[in-house]
Amino acid sequence: MIKHFMKIFFASLVFISIVLSVTALGYILLNEDTVIGTVKGVSVNENDENEIVSNFDYTTELGKIAKNSNRINVLVVGLEDQRTDTILVASYDKESKKAELISIPRDTYSPREEVERSDAKKINATYSSLGIEGLIEVVQDILGIPINKYIILDYEAVVSCVDILGGVKVNVPFHMQYSDPYDDPPLIIDIPEGEQVLNGEQSLKFLRFRKGYANQDLGRIEAQQEFIKSAAKKAISLKLIDVIEEAYSNVKTNFSIKELVSLAGNFVGFSTDNISLNVLPGEDTLLEGLSFYIPNNDEIRNMTYTMYGINTNNENKEQ
């Protein structure tokens, strides 16, 4: 089974590839006589049948600023059966051309009045009972920011996308060796140290690897961040239509073609150096006999206030 942390960063890669590749798609739609229907999974239908109605409270301090900002927040969800093993919020500021990616651990504590079973109080159980609309509401409550759009994706596309790109260049910090005969299929990782181009399967193993970093979490996140930036940079310059075709055949989204074309124009001048990767502030805690990830509300507020340019030292900020 692919571990949820690896999935979070793979979701980031797919989202970045999709959105950045939309730049090329937008130019094709605007400047060339291209039939969009030839791209598998993409339709010219402009009906907003998948549009959601957000109940976000725009009367809060952050809400008032968010309502008038140039920032778009997208919920990226990766499913395994009916549970969300990946929940990621991708936030892009159209004015500053900076992107924030916030991963939400699947064990995040999210109790509901009607839920009694302990395991159902984890956020990864929300989608199966409340759907994407319910999950959006929960994520909005946790982060305190509006969610404008969503993307639901199939992880099998990720390896294919990397292969379509011709692999991704990374600098492997040390010889990565690991085996798990009980995984399905059995996992064997053996990646030599040094700069090299990894294919899809190798990339999967690179991002799954955990042991060996001086600081396991921070070291792994740094390596994954560099991988994502390298992949996104290559997606911008090579085989964009192929990447779009592969990605869109495995996603469900409420983005319309019109919105994507509009967003594409704004990505001109975007740099992958402006991508920041974050994990929802919090800590692991044993609760009700299970391990939960308990969000740190103060640190979350500081993170989101900073995203929206609100002074976190303001004594009048919301408590």
Q: Specify the closest pair of heavy atoms between T126 and S110, including all atoms of both residues, with the distance to one decimal.
A: OG1-OG, 4.3 Å

Q.
To the nearest 0.5 Å, what is the distance between CD1 on I188 and CG on D180?
A. 10.0 Å

Q. Of K97, K94, E95, which meets side-chain hydrogen bond (donor to acceptor under 3.5 Å, both in side chains) against N70?
A. E95

(Q) If you count every heavy atom of other residues, nucleotides or ligands that lies below 6.0 Å from E114 atom CD, does the total exceed 12? (A) yes

Q) Counting distance only, does the side-chain N/O of Q196 pair as donor-acceptor with the main-chain N or O of G194 below 3.5 Å? A) yes

Q. How many angstroms lie between atom NZ of K67 and atom OG1 of T60, to the nearest 0.5 angstrom?
A. 11.5 Å

(Q) Minimum heavy-atom separation for N73 and P146, please, with both atom names. (A) ND2-O, 2.7 Å

Q. Out of V139, L280, I294, which one pairs with T108 under the side chain to side chain contact (heavy atoms under 4.5 Å, CB included) rule?
A. L280

Q: Mind checking the CZ-CD spacing from R301 to E61? Nearest 0.5 Å is all I need.
A: 9.5 Å

Q) Can any side-chain N or O of N199 pair as donor or acceptor with the backbone N or O of D163 at less than 3.5 Å? A) no

Q: With the side chain counted from C-beta on, respond yes when I72 and N148 share a heavy-atom pair under 4.5 Å apart, and no when they do not.
A: yes

Q) Is a side-chain donor-acceptor pair under 3.5 Å present for N278 with E100? A) yes

Q: Check I147 against K149 and note the closest heavy-atom contact, atom names and distance.
A: CG2-O, 3.5 Å

Q: Would you kindly confirm whether V172 and F174 end up in one hydrophobic cluster when ILVMFWY residues are joined by side chain heavy atoms under 4.5 Å apart?
A: yes

Q | Non-hydrogen side-chain atoms of M307 and S91 separated by less than 4.5 Å | A | yes

Q: Kindly compute the distance separating OG (S118) from CG (L287), expressed to the nearest 0.5 Å.
A: 7.5 Å

Q. Can you check whether F227's main-chain N or O pairs, donor with acceptor, with S230's side chain at less than 3.5 Å?
A. no

Q. Taking a hydrophobic cluster as the set of Ile, Leu, Val, Met, Phe, Trp and Tyr residues connected by side-chain heavy atoms closer than 4.5 Å, whether directly or through intermediates, do L135 and V115 fall within one such cluster?
A. no

Q) Under 3.5 Å, is there a donor-acceptor pair linking the side chains of S291 and D284? A) no

**Q.** T304 side chain to I145 backbone, donor-acceptor under 3.5 Å
**A.** no

Q | Student check: side-chain heavy atoms of V74 and V89 closer than 4.5 Å | A | no

Q) Rounded to the nearest 0.5 Å, what separation is found between the CG atom of L130 and the CD1 atom of I136? A) 12.0 Å

Q | side-chain contact (heavy atoms from CB on, under 4.5 Å) evaluation trace for M303 with Y305 | A | CA-CA 6 Å; M303 178 181 66; Y305 270 42; over 6 Å; no

Q.
I need the minimum non-hydrogen distance between V76 and A90, along with the two atoms involved.
A. CG2-CB, 4.5 Å

Q. Linking I/L/V/M/F/W/Y whenever any side-chain heavy atoms sit under 4.5 Å apart, do Y109 and I102 land together?
A. no

Q. Within 45° of the ring axis of Y308 and under 6.0 Å from its six-membered ring centre, is that where the NZ or CZ of R71 lies?
A. yes

Q. Can you get from F56 to V77 by hopping between Ile, Leu, Val, Met, Phe, Trp and Tyr side chains that sit under 4.5 Å apart?
A. no

(Q) Once rounded to the nearest 0.5 Å, what's the spacing between atom CG of L75 and atom CD of Q140? (A) 9.5 Å

Q: Let me see the working for M176 and F206 under side-chain contact (heavy atoms from CB on, under 4.5 Å), right down to the final yes or no.
A: CA-CA 8 Å; M176 295 182 170; F206 174 80; 3.5 Å; yes

Q.
A cation-pi test, strictly: NZ or CZ of K122 under 6.0 Å from the centre of the six-membered ring of F292 and no more than 45 degrees from its axis. Yes or no?
A. yes

Q. Under a 4.5 Å cut-off applied to non-hydrogen side-chain atoms, are K205 and L187 in contact?
A. yes

(Q) For a side-chain contact (heavy atoms from CB on, under 4.5 Å) check, start with the C-alpha distance between H175 and I191, then their side-chain angles and the critical distance, and finish with the verdict. (A) CA-CA 6 Å; H175 190 177; I191 306 175; 5.7 Å; no

Q | pair E283-N296: side-chain heavy atoms closer than 4.5 Å | A | no

Q. Is any side-chain heavy atom of I300 less than 4.5 Å from a side-chain heavy atom of I142?
A. yes

(Q) I87 vs I123, test: side-chain contact (heavy atoms from CB on, under 4.5 Å). Steps then yes/no. (A) CA-CA 9 Å; I87 303 174; I123 197 171; 3.7 Å; yes

**Q.** Contact summary for G166 and V197, nearest pair of heavy atoms
**A.** O-CG1, 3.6 Å

Q.
For R112 versus A120, what's the shortest heavy-atom pair and its separation?
A. NH2-O, 3.6 Å

